[in-house]
Amino acid sequence: MTTGKIRVRFAPSPTGLLHVGNARTALYNWLFARRAGGVFVLRIEDTDLERSEARYESQLIEDLRWLGLDWDEGPEGPNVTEKGAYGPYRQSERLKIYAGLTEQLLAEDKAYRCFCTPEELAAEHQLAIKQHGPQVYSGRCRRLSPETVEKNLAAGMPFAVRLKIGMEPLRFRDIVRGAVEFAPEAVSDPILVRSAKEGEPGMPVYNYVVTIDDALMKITHVVRGDDHISNTPRQVAIYKAFGWPVPEFAHLSTILGADRERLSKRHGATSIATFREMGYLPEALVNYLGLLGWGAEDGKTEIFTLAELTRAFTLERVTPSPAIFDFEKLNWLNRHYIKLASHERLTALARDYFGGMLPAKDAARDDVEAWFARLVRLFAPSVDHLDQLPAKTSFVFGFDHEAARARAENAEVLAADSARTVLTELANRVRSHSAWVTPEVFKAWLNDIKAATGVNGKELFHPVRIALTGMQSGPDFDKLLPLIEDGAALGLPVTSVQSRVEQFVGV
RNA sequence: GGCGCUAUCGUCUAGGGGUUAGGACGUGAGAUUCUCAAUCUUAAAACACGGGUUCGAUUCCCGUUAGCGCUACCA
């Protein structure tokens, strides 16, 4: 069926932020096209003028780029140009295309005018419910005589245009699900063009428009969400009416939240923009989305770069069943890619989260930025996403000895006699020391304290760590102490080691 | 109500007429570390139910149940 080049499209509505579900659809389209050496088309379905907004279109373009997805045809940049020979690629600019096609269908007697009023249709609908039958259009106007049609037209009666559905089942091939078949009577004659209102031309309906766009853009494979499965037979009928080749379909399952409901804001982050703001790396998101509804051929590999995915991806291996979005697994992937990311990149990304804690970025303060880079290097590996960094590093900046004492989980450690002794010893050494505390000095202190008190291991380190950080866990002292001391020395809002001990033990 | 789609560990999935039903996330245990994280080792954990077909079904078929989608002159 597919002679020539594979052409796929991603056709989002710019009515909001790019949702992960749509992002996955975009990704799978892109992967399929790239692997096959085909063409990836971006088409903006902005015919819903009420809800479409230009800012969402530019956001969408930004989000796709951020994920690393590019397109061969479609809009280029915010309000700029388009590329590709099958444009326009904004649906709102294609309206004139549809009218001529509708005339053609009417002339060929493949469509007809329907004069039924909304009230009549509603009555039919109610009757169908009462009779437990399928709620479909009866096809009444299909049987109108030409004379009646002429008369109605002359009387200025508003009409919609409906497609004539034939007798044979509507079939299509779905790469994910196999052959799908719908009985023609379950579809009934669908509206193609709404009736005109007060001088405005009749607006074509979504199912009609996508089909025309896909056909005219020579789309060979329609990869989209499975909420469109029930629309597909209607679209197949439209292809047939025009005599256009029916493309192959691949309907991707829905992404659900933990409660098995469609993933929505209720479940937390859902838009690509939000994930980016939270400090997820695009490669983590791409990898995760790749795994959500698709599995590698060996059944084992989980880590994929975009390039590796491109090599491994086939639509045949896409799972038909709905998938629950697992933030934990995404976090695991993100941690993985954070470890792989360059320090420069992480530092630059993390900088935005420290607005209030560091002086504004200033070229003259290279030393501050270098210090910040060390901070990031030390803490980034222990964080799920970068926006957790300020909280994770907060003890480096402010030191609250009262809070440290008050913290419930510290009580037991601090209550031990050995802890008291250790801290007294530590305070003695800190008081008689006037320089910055280097790791060497610190190590010597701890050895001395160990020798003097006989306290070792956990009993030694835990109270010390609490006195220094207020917490029982954190990075190695070897790395942490220089960071604190250098931060204090730079005049940053960082409490020095000496002050910490003095505050905590009391002078 | 009608039509359609779906159904393997808690989650994402591999598999497929005979398997110890595999991997990953998460969870438990252990090793390591002052601690946390990381890392390594390890454990627990699944074929929705009922009928067929078959020597044999988790796998194929039918039904049930459940979830989801569509059922608009929405997109």
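What you see is a predicted model; the values in this text were computed from it and never measured.
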>> Taking 4.0 Å as the cut-off, does a side-chain nitrogen or oxygen of A:Arg51 come that near to OP1 or OP2 on B:A75?
In response: no
>> Strictly below 4.0 Å: does A:Thr319 bring a side-chain N or O up to OP1 or OP2 of B:U13?
In response: yes
> In the structure shown, which nucleotide is the Watson-Crick or G-U wobble counterpart of B:A66, with both distances under 3.5 Å?
Replying inline: B:U6
> Looking at B:A75, B:U13, B:G4, which one has an atom nearest to any side-chain atom of A:Ala323?
Replying inline: B:U13
> For B:C12, does either OP1 or OP2 sit under 4.0 Å from a side-chain N or O belonging to A:Arg317?
Replying inline: no
> More 5' along RNA chain B: A:Ile229 or A:Arg162, using each one's nearest nucleotide?
Replying inline: A:Ile229
>> Let's see if you can work this out: which of B:C73, B:C3, B:U6 has an atom nearest to the side-chain heavy atoms of A:Ser321?
In response: B:U6
> Considering only the P atoms, how many Å lie between B:U53 and B:C61, rounded to the nearest integer?
Replying inline: 16 Å
> Which base sits across from B:U58 as a Watson-Crick or G-U pair, both distances under 3.5 Å?
Replying inline: none
> For the side chain of A:Ser230 and the base of B:G69, is some donor closer than 3.5 Å to an acceptor across the two?
Replying inline: yes
> So does A:Arg465 reach the base of B:C34 with its side chain, donor to acceptor, closer than 3.5 Å?
Replying inline: yes
>> Can you tell me which nucleotide in B:A75, B:A24, B:C70 comes closest to the side chain of A:Thr47?
In response: B:A75
>> Taking 4.0 Å as the cut-off, does a side-chain nitrogen or oxygen of A:Arg260 come that near to OP1 or OP2 on B:A7?
In response: no
> Taking only side-chain nitrogens and oxygens of A:His228, does any of them come within less than 4.0 Å of OP1 or OP2 of B:C70?
Replying inline: no
> Do A:Gln135 and B:G1 have a side chain to base donor-acceptor pair shorter than 3.5 Å?
Replying inline: yes
> Roughly how far apart, to the nearest Å, are B:U64 and B:C5 at atom P?
Replying inline: 14 Å
> With both distances under 3.5 angstrom, what nucleotide forms a Watson-Crick or G-U wobble pair with B:U20?
Replying inline: none
> Across all strands, who's sitting opposite B:A31 as a Watson-Crick or G-U wobble pair, both distances under 3.5 Å?
Replying inline: B:U39
> How would nucleotides 39-46 of chain B be written as a contact map, 5' to 3', with B for base contact, S for sugar-phosphate-only contact and - for no contact, using protein heavy atoms under 4.0 Å?
Replying inline: --------
>> For residues 442-482 of chain A, which residue pairs pass the ring pair (Phe, Tyr, Trp, His ring centres under 6.0 Å) check, not counting sequence neighbours?
In response: A:His433-A:Trp445, A:Phe442-A:Phe477
> Between B:C36 and B:G69, how far is it from one C1' atom to the other, in whole Å?
Replying inline: 46 Å
> Going by an N to O cut-off under 4.0 Å, is there a salt bridge joining A:Glu45 and A:Arg90?
Replying inline: no
> Under 6.0 Å between ring centres, would you say that holds for A:Phe32 and A:His221?
Replying inline: yes
> P atom, B:A44 versus B:G16: distance in rounded Å?
Replying inline: 26 Å
>> For A:Asp476 and A:Gly293, find the nucleotide of RNA chain B closest to each by heavy atoms; which residue's nucleotide sits nearer the 5' end?
In response: A:Gly293
>> Here's one to test your reading of the geometry: is the NZ or CZ of A:Arg162 within 45 degrees of the ring axis of A:Tyr137 and under 6.0 Å from its centre?
In response: yes
> Nucleotide by nucleotide, 5' to 3', does protein get under 4.0 Å of the base (B), only the sugar-phosphate (S), or neither (-) in nucleotides 59-65 of chain B, counting heavy atoms?
Replying inline: -------
> Distance between the C1' atoms of B:A14 and B:G4, in whole angstroms?
Replying inline: 27 Å
>> Categorize A:Lys300 for me: base, sugar-phosphate, or nothing, with a 4.0 angstrom heavy-atom threshold over every strand shown.
In response: sugar-phosphate
>> So A:Ile129, base contact, sugar-phosphate only, or nothing? Heavy-atom distance under 4.0 Å.
In response: nothing
